[in-house]
Amino acid sequence: MFVSMIFFMLYGFPVAFSLGAVGLTFGIIGVVTGHFPEAFLAALPHRVFGILSNDILLAIPFFTLMGAILERAKLAEDLLEGMGKLFGSIPGGLAYAVIIVGALLGAVTGTVAASVLTMGVISLPIMLRYGYNQRLATGVIAASGTIAQLIPPSLVLVVLADQLGRSVGDLYKGALLPASVQVALFLLFVLGVSIVRPKLMPPLPKEIRGDLNLRLVAQVLIGIVPVLVLMFLVLGTIFLGLATPTESGALGVVGALLLAAANRRLTFGLLGEAMARTAQLTSMVIFILIGATVFTLVFQGMDGGRWIEHLLDQLPGGQIGFLIFVNLFIFFLAFFLDFFEIAFIVIPLLAPAAENLGIDLVWFGVLICINLQTSFMHPPFGFALFYLRSIAPKEVRTKQIYLGAIPWLGLQLTLVAIVIFSPGLVTSMLKRGPMVDPSTVQIVTPGVGGLAGGLGGGLGQPGSLGQLGQPGALGQPGALGQPAPAQPDAGGASDSSATAPGTPPPVGLGQPGGLGVPPGLQAPAPSP
C-alpha cells in the first residue's frame, strides 16, 4: 500500500485522491482474497461524516482566515520597520528584528506563507542593499517564518491534537517553552555570527535607521500592542479556559477585522481574497483527511497497525530509541510528503505504539511538530524556500537560498534532540493531577463493631453466631471463631437446657457485644 501510494504521488496524481484510490483498491483485493472483512467498509460513511462535523477541525478555517486578513492588511509592515530601526545600529540588527517579528507574526497568524512573504518583501531588499550575505539573509527569513508551525496557534498542532486524541489547549501549552527555546537558538546563532564574522551582517547606516529616541520606541510599541491584544484573544482565552480553540479562532477573526479596519485597510477586495484563500486551504485539508481515512481504514483492517506496533515495540533503547527512530523516519519522510499528509497518514499508526511505551502523547505531538518544521526548510518540498524564491530578487540564485537554509535546519534538529532528552520542556506547562499507581490501591470497607467479628467467627464454626435475641451494645467487637457463652436466666443460673444436645444453636445476629435484636423481635424462651 505504501509503495503504491508513493508511486501515485510521484506520478503527479493529487495526494487526496491517491490515498483514496489506493485504499479502495487494496480493500477490494483484501475482500476477494479474504484478508479484509467487507464489514469494515460500512464504517467509511460514518468516518467521513465525523470529519465534516469535527468541531476541532473547525479551528483551521478560523485561524487561516485570521492570518489571511492580517497578511493582506499589512499589519506587520510598521512593526518590522520599527524593529529594524530599533536594532539597526548593531551588527545583525535586521536579523534580530526578523526573528522577533517572525515569532510575533507566528503567534497571530499561525501560517508560514504569511510570515515568509511579509518579511521577505519588506526586509530582504534592505538586507541585500546594505551588505548582508545572501545565504544569511534568505536563511534567517525562511527559518523565522517556520516558527509559525510551532508557536501557537499553529495549524499543525490543531491537526496533531485531532489525530492523537488530545486537547488542542494542552498541545498549545506544551509548545510554548519549545517555541521560546527555538527563538533563543536563532538569536544566539545570529549573535555568534555577528561576533565571529560581523561583515556578513553589518549595521544599518544612521541615515536609514535614524535616531534612537522616544518617537521610535513609541512607533515600535504602537505596532506591538495590537499584536499582543490579538495574542490574548487567541491564546489567553484558551489557556484561561474561557474559550475552546474553535471559539478563540472566531475571536481572532473578529480581532483581525477590527485591526484591519483601524488601519483603514479593510475592504471587500481584501475580504474576498482572504475568504478564497481560506476556502482553498480548508478544502485541501478536508480532502486529504478523507483520503487518508480511506487508506488507514483498510490498512488497519488488514492488521497493518498491529504489525507496525509490534515492529516498533522491538526497537532497542525503550522510549528514547523509539523517539529517535520515529523522528529520523519522519525527517526523511518529509522530503516527499507534506506535513498534512504525514499527520493524517503516519501519526495514527505511530500513536498506539508510543502510548504502549508510556510516552506522553502531548510530548510526542509537540516533538513531531518541531520535526515537521524541517519539511519547510529542505528540498524538494521546502515551501518556505519556494515562498522566498517567489519574492527574492533575480540576483539571488536558488542555490544560495537552499545553502542558506542548512544551518537553520541544524538548529531545528537541535531543538528536536533537546526535547527528546528534556521532556519537561513540554510537560511542565501542563496541569496534571496526582499520579497514583493502581497496583498500590487498597479498598477497605470499615466494619460496624461486632458485625464484622460475628461474620468472621461464623465462617466454619457452628454455634459462634450467638443466640437469638441477646441484646448487645454497638461497637463491641465479637469473638472470632469462639462459641457463644451460655446466658444466665433471671435467677442468675446458667440455663444449660436452652439448647438440646445434638441440635444446632439458634442463629442470632452477632456475638454478645455485637448487633443485638430489639426485645420486640426476640423469640420465646424455650420451656425447661
Side-chain angles (χ1 to χ4, degrees), residues 59-76 79-80 83 97-123 139-161 168 171-172 174-187 227-228 230-231 234-235 238 245 248-249 252-253 255-256 274 277-278 281 285 334 338-340 343 365-366 368-378 381-388 391 405 408-409 411-412 415:
I60 292 177
F62 279 132
F63 287 133
T64 304
L65 181 59
M66 179 184 70
I69 292 172
L70 294 174
E71 175 189 351
R72 287 161 178 79
K74 300 180 179 180
L75 179 67
L79 181 59
L80 191 56
M83 283 285 186
V98 166
I99 294 171
I100 294 172
V101 172
L104 292 174
L105 287 181
V108 295
T109 63
T111 56
V112 174
S115 299
V116 172
L117 292 174
T118 300
M119 294 187 298
V121 169
I122 299 171
S123 61
V140 70
I141 292 174
S144 300
T146 60
I147 298 176
Q149 291 299 102
L150 177 60
I151 192 168
S154 163
L155 295 182
V156 180
L157 291 174
V158 175
V159 173
L160 288 174
V168 177
L171 263 76
Y172 279 179
L176 281 179
L177 284 181
S180 302
V181 174
Q182 182 80 92
V183 174
L185 287 175
F186 287 173
L187 293 174
V227 174
L228 295 178
L230 195 57
M231 286 175 59
V234 175
L235 301 179
I238 296 177
S248 69
V253 172
R277 170 62 180 163
T278 302
L281 179 64
V285 171
D338 181 58
F339 73 92
F340 280 121
V366 172
I368 297 302
C369 182
I370 298 170
N371 199 336
L372 289 176
Q373 284 186 111
T374 62
S375 66
F376 287 83
M377 294 291 289
H378 58 58
F381 297 112
F383 287 106
L385 307 180
F386 291 163
Y387 298 143
L388 195 57
I391 54 93
W408 306 93
L409 188 62
L411 292 174
Q412 291 173 338
L415 181 62

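These numbers were taken from a predicted model, which means no experiment stands behind them.
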> Go through it in stages, so that I can follow the logic: the residues are I99 and V140, the test is side-chain contact (heavy atoms from CB on, under 4.5 Å), and I'd like the CA-CA distance, side-chain angles, deciding distance and then a yes or no.
CA-CA 7 Å; I99 294 171; V140 70; 3.7 Å; yes
> Kindly indicate whether the side chain of M66, heavy atoms from C-beta on, has any atom under 4.5 Å from the side chain of V234.
yes
> Does some side-chain heavy atom of W408 sit less than 4.5 Å from a side-chain heavy atom of S144?
no
> Do any N or O atoms from the side chain of S154 and from the backbone of I151 form a donor-acceptor pair under 3.5 angstrom?
no
> Give the minimum heavy-atom separation between V156 and C369, together with the two atoms involved.
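What the structure gives for the nearest pair is CG1-SG, 3.9 Å.
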> Taking the side chain as every heavy atom from C-beta outward, state whether V181 and L415 have any pair of such atoms under 4.5 Å apart.
yes
> Measuring only between side-chain heavy atoms, which start at C-beta, is T374 closer than 4.5 Å to N371?
yes
> Is any side-chain heavy atom of I147 less than 4.5 Å from a side-chain heavy atom of F186?
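Heavy-atom side-chain distance check passes, below 4.5 Å.
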> Does L150 form a side-chain contact (heavy atoms from CB on, under 4.5 Å) with Q373? I'd like the steps, not just the answer.
CA-CA 7 Å; L150 177 60; Q373 284 186 111; 4.0 Å; yes
> Between T64 and I60, is any pair of side-chain heavy atoms under 4.5 Å apart?
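They are in side-chain contact.
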> Which heavy atom of L160 sits nearest to which heavy atom of A343, and what is that distance?
CD2-CB, 4.2 Å
> Quick one, L235 and S248 - any side-chain contact, counting heavy atoms below 4.5 Å?
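Not touching, per the 4.5 Å side-chain cut-off.
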> Taking the side chain as every heavy atom from C-beta outward, state whether P245 and V158 have any pair of such atoms under 4.5 Å apart.
no
> Is it the case that the side chain of S375 and the backbone of L372 share a donor-acceptor pair, with hydrogens and angles ignored and the cut-off at 3.5 Å?
yes
> Can you see which heavy atom on A256 is nearest to which on I69, and at what distance?
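Closest pair (atom of A256, atom of I69, distance): O-CG2, 3.8 Å.
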> With respect to F376, which candidate in T146, L385, V116 satisfies the side chain to side chain contact (heavy atoms under 4.5 Å, CB included) definition?
T146
> Minimum heavy-atom separation for L65 and T278, please, with both atom names.
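Looking at all heavy atoms of both residues, the shortest contact is CA-OG1, 3.2 Å.
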> Just jot down the ring pair (Phe, Tyr, Trp, His ring centres under 6.0 Å) partners of Y172, sequence neighbours excluded, or say none.
none
> Excluding sequence neighbours, so at least two apart, what forms side-chain contact (heavy atoms from CB on, under 4.5 Å) with L177?
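side-chain contact (heavy atoms from CB on, under 4.5 Å) list for L177, sorted by chain: L425, S428, M429.
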